[in-house]
*Asks:* 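One structure is given below, represented as structure tokens, and several questions about it will come after.
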Amino acid sequence: MARKILCVAEKPAIARAVATHLSGGSFHTREIRGNKYVKNYEFDFNFGGAWGNCSVTMTSVVGHLTGLDFDPQYKGWQSCPPGALFEAPVQETVDKDKLPIANNIRDQAKYSKALFIWTDCDREGEHIGSEVRNQAKAGNARIEVKRAKFSNTESAHVRRAALEPVNLDEYQASAVAARIELDLRIGAAFTRLQTLQLQTVVAALKEKVISYGSCQFPTLGFVVDRYLRVKNFKPETFWGIKVILSREGKKVNFLWKRVHLFDRAVVTMMLERCLVAKQAKVIKVNQKPTSKWRPLPLTTVDLQMMGSRFLRLDSQTIMKVAEALYTKGFISYPRTETDQFDKAIDLKKLVEKQYPDDSWGQYARELIDGKFRTPRSGRHNDKAHPPIHPVSWVSPNQLNANEKKVYEFVVRRFLACCSDDAKGQSTEIEIQYGDESFHTNGLIVLEKNYLDVYVYDKWESSQQLPNFERGELFEPTEANIFEGKTTAPNYLTEPELIGLMDANGIGTDATMAEHIAKIKEREYVAIHQRGGGRSSVQEFIPTRLGVALVEGYDNVVEGLPNSVSLSKPFLRKEMELRMLEICSGTKSRQEVVQQSLDMYREVFIHTQRRINMLKTACRKYLVEETES
DNA sequence: GCAAGGTC
């Protein structure tokens with residue numbers, strides 16, 4: 001009998017795709033008991049080398065198999081002081097609803113010579129791989145464990161991954177194990193502490209869970225930070241000089257190089273010197289071709305940011321819709337950090353699939369007829385998924401309103417990536433007037449290219465400038481002082497918030513929308529509408545509770561050396577750096593867990609000692625509400 | 001009744 005090899009992917013869709021490629025399309029599908037998503041695909045494949053021809057069972061898990069929790073006697077909120085959760089024993093168990101999947105792996109492992117792990121090639125994937133291995137070993141202690149390394153499900157790439165397996169990266173799996181333990185202990189300890197302590201302070205908090213998490217709190221922190229900047233803003237008056245010239249029936253506005261200053265007397269004096277000089281001299285006439293770059297291939301973060309800006313959908317809705325489109329086979333996997341297309345992907349074939357569309361089919365045809373350009377490459381590659389792109393065409397009447405919006409965006413973005421940059425001609429003119437410099441710019445758009453399909457970007461010709469010659473002298477038609485006031489920043493919008501989270505390493509592409517939803521659910525922040533109609537914008541404003549928590553924690557650590565407020569992203573960032581050290585092998589999992597726990601325990605102890613700071617802040621912001 | 005991370 002041929003040797004048997006068990007293959008396990010991270011999700012059913014990948015199992016199916018890999019089975020299709022390795023089997024050349026002919027495989028047997030078997031249902032497993034107790035889970036309707038996971039299937040076993042059976043076929044033969046020649047792994048070459050020592051393995052040779054094997055009979056394969058390809059199956060999958062559905063994300064993580066196991067979860068970490070405290071031993072049962074610590075689960076009640078009154079069972080121990082919250083601080084005890086830093087040391088309380090924890091156990092890893094297979095999630096109840098994942099038991100059929102775990103059993104399937106054990107059973108299949110019994111008859112298998114080897115296990116090939118096909119989870120995503122990222123950190124979490126490595127950990128999921130280790131969970132799969134543990135189950136397989138439980139079924140068959142002698143099973144040999146290998147790992148397939150692949151970054152997309154293109155056929156040749158998948159086959160090569162099967163022929164050249166590597167080993168599981170234990171370091172990366174350990175890093176994730178450390179993350180899981182830290183998130184649990186720290187999250188539960190602080191959540192119980194602040195919930196139990198604050199519930200009794202004001203009636204408004206009586207029934208509330210006041211959760212703490214290493215991602216949700218910094219997310220709240222960003223919202224509060226901006227809110228305070230808006231609230232504490234004091235407008236300042238400034239003055240500047242503007243110079244106008246009417247020529248050839250056109251009015252040219254020259255802008256001051258200093259933009260504006262906050263001292264009226266000084267600006268007046270500078271203007272006087274200009275007027276005394278009478279004539280301005282053209283010192284630079286610069287005409288040059290310019291272009292507006294086509295967008296980069298689409299990542300999840302970009303989809304969420306552009307989506308809430310142009311499609312008027314919040315990030316969680318966008319992800320739900322994108323997942324539905326993915327499940328139905330219309331777009332590629334929507335959770336990716338990659339903004340570069342692999343050379344192996346046949347992009348032209350994907351463009352051709354859009355021919356039938358009434359809105360952009362013609363554009364797709366023009367691309368194939370000669371306008372196609374290889375997409376730009378960004379700097380990110382998660383080595384697990386390609387950028388988000390359409391995989392097949394779907395008629396708009398098969399989609400609901402939101403699906404239509406998101407699908408259209410993904411397609412237009414993809415076609416834009418495969419287009420040429422927009423081309424134009426820019427003119428820059430600089431003049432010297434008295435002791436001051438002024439400048440003006442003109443733009444003529446010559447070829448719109450990608451802008452024809454990517455309707456979300458705007459780039460338009462300015463009024464055409466009259467002719468100027470270098471060295472010429474002219475007397476301005478007008479030169480005078482203008483006055484203005486600095487204006488407050490706006491409250492945070494969702495794309496800005498996602499940008500901040502991304503830049504500070506808060507959450508992952510798959511979870512950012514969840515953290516935002518979480519702080520809404522906990523009533524730490526609320527959404528307000530600014531403006532009306534099509535130009536309206538959704539803004540995040542902290543609730544009284546949200547402000548109270550941030551102010552309270554800021555006060556808790558105020559004046560203490562080495563203690564950073566929990567509302568800031570620094571602690572999480574430090575944890576992330578330590579995880580990278582586990583990945584590079586310079587620190588062990590135990591070391592990192594201990595170090596990070598020590599760091600958070602210090603803040604925890606301060607918080608307990610100065611709990612009145614938190615209580616006072618809650619009274620300050622929440623008491624009026626309860627009296628009404 | 002707590003977290004964040006996978007995925008359905």
Side-chain angles (χ1 to χ4, degrees), chain A residues 9-16 35-39 60-70 74-80 82-86 88 90 92 95 97-98 100-101 119-132 172-173 175-199 205-219 319-320 322-324 326-328 333-335 382 384-385 501 505-519 521-522 566 571-572 575-576 579 596 600:
Chain A
E10 183 164 323
K11 43 189 163 272
I14 297 286
R16 193 186 173 85
N35 189 294
K36 59 180 170 173
Y37 301 109
V38 173
K39 308 251 190 297
S60 74
V61 287
V62 190
H64 286 286
L65 263 183
T66 60
L68 193 71
D69 213 343
F70 297 106
Y74 293 90
K75 284 193 182 161
W77 282 41
Q78 308 289 349
S79 66
C80 65
L85 298 177
F86 280 97
V90 289
E92 191 186 72
D95 297 335
D97 56 327
K98 304 285 176 65
I101 304 172
T119 49
D120 292 355
C121 290
D122 52 27
R123 226 155 55 184
E124 296 292 331
E126 227 58 36
H127 187 268
I128 294 169
S130 74
E131 295 172 61
V132 169
Q172 288 196 51
V176 171
R179 194 231 359 110
I180 290 171
E181 183 176 343
L182 289 168
D183 283 336
L184 173 68
R185 291 187 184 283
I186 297 161
F190 276 98
T191 299
R192 286 188 195 178
L193 174 71
Q194 61 188 27
T195 302
L196 295 174
Q197 290 288 332
L198 298 178
Q199 267 181 345
L205 300 177
K206 207 168 162 195
E207 299 289 311
K208 276 210 165 86
V209 172
I210 306 166
S211 63
Y212 168 81
S214 59
C215 288
Q216 49 178 277
F217 249 55
T219 306
M319 287 314 290
K320 268 203 195 108
E323 266 151 36
Y326 162 68
T327 314
K328 293 181 199 165
Y333 191 64
R335 291 190 277 267
D382 62 22
H385 309 287
M501 293 172 76
I506 300 301
T508 67
D509 48 11
T511 60
M512 282 180 199
E514 288 172 32
H515 298 311
I516 295 174
K518 177 71 84 184
I519 60 172
E521 181 196 324
R522 296 282 187 232
L566 289 181
L571 284 174
R572 173 83 210 187
M575 199 163 116
E576 180 64 29
M579 281 170 62
S596 293
Y600 275 93

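Bear in mind that the values here come from a model prediction, so they are computed numbers and not experimental data.
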*Asks:* Heavy atoms only, 4.0 Å cut-off, all strands: where does A/Asp69 land among base, sugar-phosphate and nothing?
*Replies:*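 A/Asp69: base contact, heavy atoms under 4.0 Å.
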
*Asks:* What residues, two or more places apart in sequence or in another chain, satisfy side-chain hydrogen bond (donor to acceptor under 3.5 Å, both in side chains) together with A/Arg522?
*Replies:* A/Ser211

*Asks:* Compute both the distance and the angle, then confirm whether A/Lys11 meets the cation-pi test with A/Tyr37: under 6.0 Å from the six-membered ring centre, within 45 degrees of the axis.
*Replies:* no

*Asks:* Using a cut-off of 4.0 Å on non-hydrogen atoms, how would the nucleic acid contact of A/Phe190 be classed: base, sugar-phosphate, or nothing?
*Replies:* nothing

*Asks:* With rounding to the nearest 0.5 angstrom, report the CG to CD distance, A/Asp183 to A/Glu181.
*Replies:* 10.5 Å

*Asks:* Tell me what A/Tyr333 touches on the nucleic acid: a base, only sugar-phosphate, or nothing, going by heavy atoms under 4.0 Å.
*Replies:*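 Result for A/Tyr333 = sugar-phosphate.
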
*Asks:* A/Arg335 has a side chain; which of B/dA4, B/dT7, B/dG6 sits nearest to it?
*Replies:* B/dT7

*Asks:* So is the aromatic ring of A/Tyr212 stacked onto the base of B/dA3, judging by whether the centres are under 5.5 Å apart and the planes are under 30° apart?
*Replies:*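 Answer is no, no stack.
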
*Asks:* Tell me every residue that passes salt bridge (Lys or Arg N to Asp or Glu O under 4.0 Å) with A/Lys39, counting only those two or more places apart in sequence or in another chain.
*Replies:*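 So A/Lys39 forms a salt bridge (Lys or Arg N to Asp or Glu O under 4.0 Å) with A/Glu31.
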
*Asks:* So A/Ser214, base contact, sugar-phosphate only, or nothing? Heavy-atom distance under 4.0 Å.
*Replies:*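 Sugar-phosphate, no base atom in range.
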
*Asks:* A/Glu10 near the nucleic acid: base, sugar-phosphate alone, or nothing, with a heavy-atom cut-off under 4.0 Å?
*Replies:* sugar-phosphate

*Asks:* Classify the nucleic acid contact of A/Pro82 as base, sugar-phosphate or nothing, counting any heavy atom under 4.0 Å across all strands shown.
*Replies:*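 Contact class for A/Pro82: none.
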
